[in-house]
Amino acid sequence: MENFRFIFDDKEKKIFGEIKDKRLITYLDENYTLKGNIYRAKVLRYIKSLDGYILDFGLEKNGLLRTKNTISEIKPSMDVIVELIETNTGDKLYELSQKYSLTDGYIVYLPFVKFNNRNIFEIDGNSYLLRTKGKKLNKDEIHKRLNSLIKEHENLKKEKNMLPTPKLLKEGNFLLDFIDNYDYEIISNKRKYNVNFEEDFNPNFHPQISREIIGMRKRKIEIDGLEIVIDKLEALTVIDVNSKNEFSEYSKDDMSLKVNLFVIEEIAIQIKLRQIKKMLIIDFLRMDKKNQKKLLEDIYKKFKSYDIKFKLLGYSNLGFVEIIIF
């Protein structure tokens, strides 16, 4: 079985993963799946240097509500309704937003977004998006589902002044999407997920998955005589591409292009696996302008095929490829 997704659920944590073409391309713990959860939170204080507010929303780390993600005036000791929009590792705070959205898996209700582009639809002043499986719905069904989400939004607003605080008000839809909206077979070691059940399944002992898990923690990755070095820093990630002698029969420019094109897929996989975000700088082997254009085109295609959300900035003055990963 070359393509499948898996859920491993033991007493300590849940792990979610995806195998595509015999490669592990997604490996997430339960912490990541908190994204999309909606909480009632307590405002603790304002931090001028961060231009945001520190909130206690019930997890082991506090959250940061940046001013740009507020919908009204915020003061210490207030209770607010927020969505967890980014989970960060280490000492970095979780990112929160008052501009939450609600979805039933088919449409996404956007109570704080105005109807302002072609991807956003509107009914009676209420903005919404259609998810992939929602595009087949007729107008009456869309209206019915939207009204249901509007009522849910009204109920959430009433939660603001209730107790206790902090409190989880609504779980996100990660698990639902993971199970329902996918073509691959899903394997779990727990019957409760109503998917393919393998009682003894453990990704840590699966030969392919375990190798990939070890590899994703390494700084240097060797693939067919080539090497990429990944340094994940606080503000950005730097990837260095190194060649050995496997392409020595080519001219210098052709050799550089061959090597650079060859490693793009591995870079895309590592971005997915390591959850690399924000600024990415890649030091490819040097090439002429013509080949640089070919490389950028291939980066765009490969990253799209792995469902990476990104903005390709192109080559910097120093000859590095700059990309923003969302």
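Keep in mind it's a predicted model, so treat the numbers as computed, not measured.
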Of the non-hydrogen atoms in Leu55 and Ala41, which two are nearest, and what is the gap between them? CD2-CB, 3.8 Å
Out of curiosity, does Val321 fall in the hydrophobic cluster containing Phe310 (side-chain heavy atoms, cut-off under 4.5 Å, transitive links)? yes
Run the numbers on Ile230 and Thr237 for side chain to side chain contact (heavy atoms under 4.5 Å, CB included), then give the verdict. CA-CA 7 Å; Ile230 303 176; Thr237 301; 4.0 Å; yes
If you count every heavy atom of other residues, nucleotides or ligands that lies below 6.0 Å from Phe112 atom CZ, does the total exceed 12? yes
Quick check: is Val229 connected to Ile221 through a chain of hydrophobic side chains (ILVMFWY, heavy atoms under 4.5 Å apart)? no
With salt bridge (charged side-chain N to carboxylate O under 4.0 Å, His left out) as the test, would you mind laying out the steps for Glu297 and Lys301 before giving the verdict? CA-CA 6 Å; Glu297 290 173 351; Lys301 292 177 183 177; 5.7 Å; no
Judged by atom type as modelled, is there a donor-acceptor pair below 3.5 Å linking the side chain of Asn37 to the main-chain atoms of Gly172? yes
Note, Asn291 side chain near Leu295 side chain (heavy atom, < 4.5 Å): no
Cation-pi check, Arg191 to Phe197: give yes when NZ or CZ is under 6.0 Å from the six-membered ring centre and within 45° of the ring axis, no otherwise. yes
Look at the rings of Phe4 and His206 and say which category their plane angle falls in: under 30° parallel, 30 to 60° tilted, over 60° perpendicular. tilted
Should the ring pair Tyr32 and Phe174 be called parallel, tilted or perpendicular, given that the plane angle runs from 0 to 90° and is split at 30 and 60? perpendicular
Check whether any side-chain heavy atom of Gln208 sits under 4.5 Å from a side-chain heavy atom of Leu24, and report yes or no. no
Test log, rule salt bridge (charged side-chain N to carboxylate O under 4.0 Å, His left out), inputs Lys157 and Glu154: CA-CA 5 Å; Lys157 289 196 295 185; Glu154 292 300 319; 3.2 Å; yes
Side-chain contact, heavy-atom cut-off 4.5 Å: Val238 with Asp283? no
Does Asp307 CG have over 12 foreign heavy atoms under 6.0 Å away? no
Within the structure provided, determine whether Ile324 and Met279 are in side-chain contact (heavy-atom separation under 4.5 Å). yes
Kindly work out whether a path of hydrophobic side-chain contacts (I/L/V/M/F/W/Y, heavy atoms less than 4.5 Å apart) joins Ile25 to Ile228. yes
Is there side-chain contact between Leu65 and Thr70, with heavy atoms separated by less than 4.5 Å? yes
For the pair Glu227 (side chain) and Lys220 (backbone), establish whether a donor and an acceptor sit closer than 3.5 Å, ignoring hydrogens and angles. no
Can you name the closest pair of heavy atoms from Asn3 and Asp21 and give their distance? OD1-N, 2.6 Å
Between the CG atom in Leu84 and the OH atom in Tyr94, the distance rounded to the nearest 0.5 Å is 7.5 Å
Please determine whether a side-chain nitrogen of the Lys or Arg among Glu152 and Lys170 lies less than 4.0 Å from a carboxylate oxygen of the Asp or Glu. yes
Identified side-chain contact (heavy atoms from CB on, under 4.5 Å) counterpart of Leu169 within the set Arg40, Lys160, Met162: Arg40
Would a distance-only check, ignoring hydrogens and angles, find a side-chain to backbone donor-acceptor pair under 3.5 Å from Ser188 to Val195? no
CD/Glu73: more than 12 non-hydrogen atoms of other groups inside 6.0 Å: no
Do any N or O atoms from the side chain of Lys61 and from the backbone of Lys92 form a donor-acceptor pair under 3.5 angstrom? yes
Atom pair CD (Gln270) and NZ (Lys218), whose distance is rounded to the nearest 0.5 Å: 11.0 Å
Using a 4.5 Å cut-off on heavy atoms from C-beta on, say whether the side chain of Ile7 contacts that of Ile179. yes
In this structure, would Ile282 and Leu313 fall into the same cluster of hydrophobic residues linked by side-chain contacts under 4.5 Å? no
Nearest 0.5 Å, please: how far is CD1 in Ile186 from CZ in Phe178? 5.0 Å
Of the non-hydrogen atoms in Lys13 and Glu30, which two are nearest, and what is the gap between them? CA-OE1, 4.2 Å
So which atom in Leu285 and which in Ser243 form the shortest heavy-atom distance, rounded to 0.1 Å? CD1-CB, 3.7 Å
Going through the checks in order, is the side chain to side chain contact (heavy atoms under 4.5 Å, CB included) test met by Tyr53 and Val80? CA-CA 11 Å; Tyr53 300 84; Val80 293; over 6 Å; no
Leu102 side, atom CG; Ile107 side, atom CD1 - distance, nearest 0.5 Å: 10.0 Å
Could you verify whether a donor N or O on one side chain and an acceptor N or O on the other, from Asn126 and Tyr128, lie under 3.5 Å apart? no
All heavy atoms of Ile223 vs all of Phe262, minimum pair found to be O-CE2, 4.0 Å
Assess whether a salt bridge exists between Arg66 and Asp51, defined as any Lys/Arg side-chain N lying under 4.0 Å from an Asp/Glu carboxylate O. no
Verdict with reasoning, Ile54 to Tyr46, per side chain to side chain contact (heavy atoms under 4.5 Å, CB included): CA-CA 6 Å; Ile54 305 300; Tyr46 176 73; over 6 Å; no
Could you tell me if Lys20 sits above the aromatic ring of Tyr306, with its cationic atom closer than 6.0 Å to the ring centre and no more than 45 degrees from the axis? yes
Measure the CD1-CG distance between Ile142 and Leu130 for me, rounded to the nearest 0.5 Å. 4.5 Å
Indicate if Val259 and Leu261 have the same hydrophobic cluster label, given that clusters are the connected sets of ILVMFWY residues with side-chain heavy-atom separations under 4.5 angstrom. yes
Please name the pair of heavy atoms, one in Ile308 and one in Ala268, separated by the smallest distance, quoted to 0.1 Å. CD1-O, 3.7 Å
Give a yes or no on this: more than 12 heavy atoms of other residues, nucleotides or ligands lie within 6.0 Å of atom CZ of Phe326. yes
Do Asp79 and Thr165 meet the criterion of a side-chain donor-acceptor pair at a distance under 3.5 Å? yes
Less than 4.5 Å apart, any side-chain heavy atom of Arg274 and any of Tyr27? no
To the nearest 0.5 Å, tell me how far Phe8 CZ sits from Asp29 CG. 13.0 Å
Mind running side chain to side chain contact (heavy atoms under 4.5 Å, CB included) on Tyr315 and Met287 for me, showing each step along the way? CA-CA 11 Å; Tyr315 274 87; Met287 302 184 301; 3.7 Å; yes
Is there a donor-acceptor pair closer than 3.5 Å between any side-chain N or O of Lys99 and the backbone N or O of Lys68? yes
Under a 4.5 Å cut-off applied to non-hydrogen side-chain atoms, are Lys42 and Leu44 in contact? yes
